[in-house]
There are 2 protein chains.
Amino acid sequence: MNTLTGRDPIPPTIAWVDDHVELIDQRRLPEDLQIIAVHTVDELCHLIRTLAVRGAPAIGVAGAMGVALAWCRGESIDVAAAKLIATRPTAVNLAWGVERARRADDPVAAAVKLAADDVARNRALGAAGAPLLGAGVRVLTHCNAGALACVGYGTAIGVIRAAHEQGRCPSVWVDETRPILQGARLTAWELQRLGIPATIITDGAAAATMAGGQVDAVVVGADRVAANGDVANKIGTYSLAIAAHHHRVPFYVAAPSPTLDSATPSGGQIEVEMRDAREVMELGGVRIAPDGAAAANPAFDITPRALITAYITEHGVFDEPADAFGAAAEVEDA
Amino acid sequence: MNTLTGRDPIPPTIAWVDDHVELIDQRRLPEDLQIIAVHTVDELCHLIRTLAVRGAPAIGVAGAMGVALAWCRGESIDVAAAKLIATRPTAVNLAWGVERARRADDPVAAAVKLAADDVARNRALGAAGAPLLGAGVRVLTHCNAGALACVGYGTAIGVIRAAHEQGRCPSVWVDETRPILQGARLTAWELQRLGIPATIITDGAAAATMAGGQVDAVVVGADRVAANGDVANKIGTYSLAIAAHHHRVPFYVAAPSPTLDSATPSGGQIEVEMRDAREVMELGGVRIAPDGAAAANPAFDITPRALITAYITEHGVFDEPADAFGAAAEVEDA
């Protein structure tokens, strides 16, 4: 693995090593921190689909590295790109990363640069958002928008982490985030490694925790931000946004620029991935529902702009989505 | 087991048999339908604490039968009553059932009568509430307020069941209800036995399901209704009530009279049971959070009166909690 993040307590989620990809198998966390070497596009597609690597920024970089793999092996880049983009529909970063590598003269160099950019961008995003969190702030977060959802540092957790580094002593309520439990498994693991106090709660307990006056702010990540500011993020985010609004708790979306999708007018146009019902009815291979039962398993939901207090990007904090998009476009043009 | 409910597809949750109690071990559902014979108060207390028998109406009857056990064995009824009431703090039915049996000349006869009354009361409650559900209604429910939460028939599920029996063809969204998964394990099992179409969702998906226009009504049970109409019920109920309010979906509380607690002025005075953090961090004995992580596990939350559309009791449907309390008091006095 590379050492992009220096003495970071959390190793890089994904890296290009010699002629292949190496990534943390997130399906095995928190029990085992195991690195998988990936040599083929098909193998990488399987790992993306089964959530060995997940999180919008991370799968963006994975997509780029998939194109790089095909290029190194003399395979069709177009076929690889199509396969990679088809793995998961909701996060806009995936197509973004794939296209960046596809258009590059040297897809490997492009993918490696995207990985380095991701960490730098998240550090900038964290620094921009940290002032929103006062001393002793009690933040609630959902799913995992941490280092593991990116190459490193994290987006929503990046904000919390930056506040922690600045001595603001944040503590975190971690929504467990059913069905995959990215909160209980991944976010709790990251926060433990970072030395940030964290308490896991069930997703259903978030509103009651707010009612108890124990939540000062909610910070979540994003899989895609539509042009009007609607946000696709992990299922349960919308429920949380309604509860935050009800309790007048600020609700912040940490969204690095590659997550901003100006081509999608509003949340209604975002495809929400429906995943296998077994993810709801089984846990760790253990069946929890009766045989023959049915379940619905939308992986994401859409939080409308009206419920979002502000957007945190690497360019700053924006109350209006148009300003977040504007700042990103300015840098893109420069 | 007795045959209180005739050819009911769900056997009675709890029954007095000869000189002891028999109950369904709900910890083993939906895999195994196993009946446990209970001969001592301590054993029964353990079964209540570990949720082998749970649900406000069911533990009310269990409390009465616990007093009957002590009486049969020539043990102190007062000691038994104190032990039983101490097992779980939130549901008012427990103390209610214990007191009914304690004050009776023949605690066994009193407990057996409470069990029979429970089923009759739930049938009346179901019949009263069913007209709230139109043809083809899509109802969302949380936790298990079904036959298994009572002696038989159910409260919230009793309403759905009555609508089903009247040919209204309800279908049900079943919140899985972490951490104990009473929805996925128990409610899905009951609805399957009743032939009522059901789809399990994660608790976090309920709001998004409402946003999709797929929920016509929410019906939940209650562990305690305070005099002002605030309701203690399974953790996650409050979150659901906020989401229903946001989407203008009617939110009904099915609350048989023994759940109405005129001695508690408002929700702020209800003790919310805090259960072992391991219930959140383990599932079926499988650890899901990192070693050393912390979790908070409130078993209930408080839904304020303002978020509740109506209260369904065995005496009818009441928009105002005072009217529900009034109807119960009238019958009590008669």
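In what follows, chains are A, B, ... by sequence order, proteins preceding strands, each numbered from 1. The figures that follow rest on heavy atoms only: side chains count, while hydrogens, waters and symmetry mates do not.
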TODO: State, yes or no, whether a side-chain contact exists between A:His246 and B:Leu307 at a heavy-atom distance under 4.5 Å.
DONE: yes
TODO: Would you mind reporting whether B:Ile242 and A:His247 have side-chain heavy atoms less than 4.5 Å apart?
DONE: yes
TODO: Between chain B and each of A:Ala211, A:Ala296, A:Pro304, count heavy-atom pairs under 4.5 Å; write down the option with the most.
DONE: A:Ala296
- [ ] Return the option, out of A:Asp301, A:Asp203, A:Ile235, A:Leu29, with the maximum number of heavy-atom pairs under 4.5 Å with chain B.
- [x] A:Ile235
For the residue pair [X] and [Y], what are the closest heavy atoms and their distance?
{"X": "B:Ala205", "Y": "A:Pro298", "value": "CB-CG, 4.4 Å"}
{"X": "B:Pro30", "Y": "A:Pro290", "value": "CG-N, 3.6 Å"}
{"X": "B:Ala207", "Y": "A:Tyr238", "value": "O-CE2, 3.4 Å"}

Task: A:Arg278 atom CZ, neighbour heavy-atom count above 12 within 6.0 Å - done: no
- [ ] Would you indicate whether A:His245, at its atom NE2, is surrounded by more than 12 heavy atoms from other residues, nucleotides or ligands within a distance under 6.0 Å?
- [x] no
Open item on the list: Working note: A:Leu283 + B:Ile288, criterion side-chain contact (heavy atoms from CB on, under 4.5 Å); need CA distance, chi angles, decisive distance, verdict.
Closed with: CA-CA 9 Å; A:Leu283 207 140; B:Ile288 53 183; 3.7 Å; yes
Open item on the list: Strictly less than 4.5 Å between heavy atoms, which residues of residues 195-202 of chain A line up against chain B? Please order them by number.
Closed with: A:Ala198, A:Thr199, A:Ile200, A:Ile201, A:Thr202
Open item on the list: Strictly distance-based, threshold 3.5 Å: is any side-chain N or O of B:Gln192 a donor or acceptor partner for the main-chain N or O of A:Asp291?
Closed with: yes
Task: Heavy-atom contact with chain A under 4.5 Å, split by part of B:Met210 - done: neither
Task: A:Glu176 CD to B:Arg178 CZ distance, which is reported to the nearest 0.5 Å - done: 4.0 Å
Open item on the list: Does any backbone or side-chain atom of A:Glu279 lie under 4.5 Å from a heavy atom of chain B? Answer side chain, backbone, both or neither.
Closed with: neither
